[in-house]
Amino acid sequence: QVQLVESGGGSVQAGGSLRLSCAASGYTGSNLCMGWFRQAPGKEREGVGAIDSNGVPSYAESVQGRFTMSKDNAKNTLYLQMNSVKPEETAMYFCAARIGLYCYPELDFPYWGQGTQVTVSS
């Protein structure tokens, strides 16, 4: 019952920055957890981070200090600010959501967006 639409992907040079957006709709209840995931060809999908309904985030160690999630509750939008990006972070980035008291990227996320491609060049 949660619809998610990502945007903001594109090409960026290593060391540069990119800002992804995820617009959510279809849910008016509480405890909405939203997260970012990425998957490169031939590799498993990995969690980037998640943020709970109170704005408390959890990040993968690989992106801590460089990536920042934020929410605009009035617009029902999740953002991912990506700084100092690396070539190995080239991937399709997905926004996802779950409903529950816990919000960590290793948990199950039933709702997914279509993804937005991020390409980091050397």
Side-chain angles (χ1 to χ4, degrees):
Q1 60 181 308
V2 181
Q3 293 81 49
L4 304 168
V5 180
E6 303 97 329
S7 62
S11 297
V12 62
Q13 292 186 339
S17 297
L18 205 62
R19 185 177 177 87
L20 307 183
S21 299
C22 172
S25 62
Y27 182 74
T28 59
S30 59
N31 299 316
L32 182 64
C33 161
M34 301 179 68
W36 288 100
F37 298 78
R38 63 191 179 190
Q39 187 170 27
K43 296 184 178 180
E44 294 184 353
R45 184 171 61 204
E46 64 175 341
V48 175
I51 186 166
D52 69 15
S53 59
N54 293 317
V56 179
S58 297
Y59 297 98
E61 291 186 1
S62 61
V63 306
Q64 283 185 329
R66 297 184 298 114
F67 290 11
T68 303
M69 293 177 291
S70 60
K71 296 192 302 179
D72 185 334
N73 290 326
K75 297 181 179 179
N76 293 317
T77 300
L78 171 71
Y79 302 97
L80 179 66
Q81 179 66 47
M82 306 167 60
N83 295 331
S84 301
V85 294
K86 305 174 181 179
E88 58 264 36
E89 293 175 319
T90 293
M92 184 72 72
Y93 282 69
F94 297 90
C95 178
R98 70 185 304 273
I99 301 169
L101 295 175
Y102 301 96
C103 190
Y104 304 99
E106 62 267 24
L107 298 176
D108 177 63
F109 284 74
Y111 308 103
W112 292 83
Q114 83 287 353
T116 185
Q117 178 68 38
V118 172
T119 302
V120 184
S121 61
S122 301

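The first residue of the sequence shown is numbered 1, and numbering continues consecutively from there.
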**Study point:** Side chain N54, main chain V56, donor-acceptor under 3.5 Å
**Key:** no
Exercise for review: For residues C33 and S53, determine if any side-chain heavy atom of one lies less than 4.5 Å from a side-chain heavy atom of the other.
Suggested key: no
Point to revise | Rounded distance [0.5 Å steps], CG in N83 versus OG in S17 | key: 3.5 Å
Practice item. Output every pair passing side chain to side chain donor-acceptor pair (under 3.5 Å) with a member in residues 67-77, not counting sequence neighbours, ordered by first then second residue. Key: none
Exercise for review: Heavy atoms only: give me the nearest A60-G47 pair and the separation to one decimal.
Suggested key: CB-O, 3.4 Å
Study note, to complete from the structure: OG (S11) and CD (Q117) are apart, to the nearest 0.5 Å, by 8.0 Å
Point to revise | Rounded distance [0.5 Å steps], SG in C22 versus CD in E6 | key: 5.5 Å
**Study point:** Under 4.5 Å side-chain linkage, directly or through intermediates, the cluster mates of Y104
**Key:** F37, M92, F94, L101, Y102, L107, F109, W112
Review point. Linking Ile, Leu, Val, Met, Phe, Trp and Tyr through side-chain heavy atoms less than 4.5 Å apart, which residues share a cluster with V85?
Key: V2, L4, V12, L18, L20, Y27, L32, M34, W36, V48, I51, Y59, V63, F67, M69, L78, L80, M82, Y93, I99, Y111, V118, V120
Check your understanding: Step by step, would you call E46 with R38 a side chain to side chain contact (heavy atoms under 4.5 Å, CB included)?
Key -> CA-CA 6 Å; E46 64 175 341; R38 63 191 179 190; 2.7 Å; yes
Review point. In terms of heavy-atom contacts, does CD of Q13 have more than 12 from other residues, nucleotides or ligands at under 6.0 Å?
Key: no
**Study point:** Beyond-backbone contact of D108 with P110, side-chain heavy atoms, under 4.5 angstrom
**Key:** yes
Exercise for review: Could you pull out the closest heavy-atom pair between A14 and S122, with the gap in Å?
Suggested key: CB-CA, 4.4 Å
**Study point:** SB check R66 E89 (cutoff 4.0 Å)
**Key:** yes
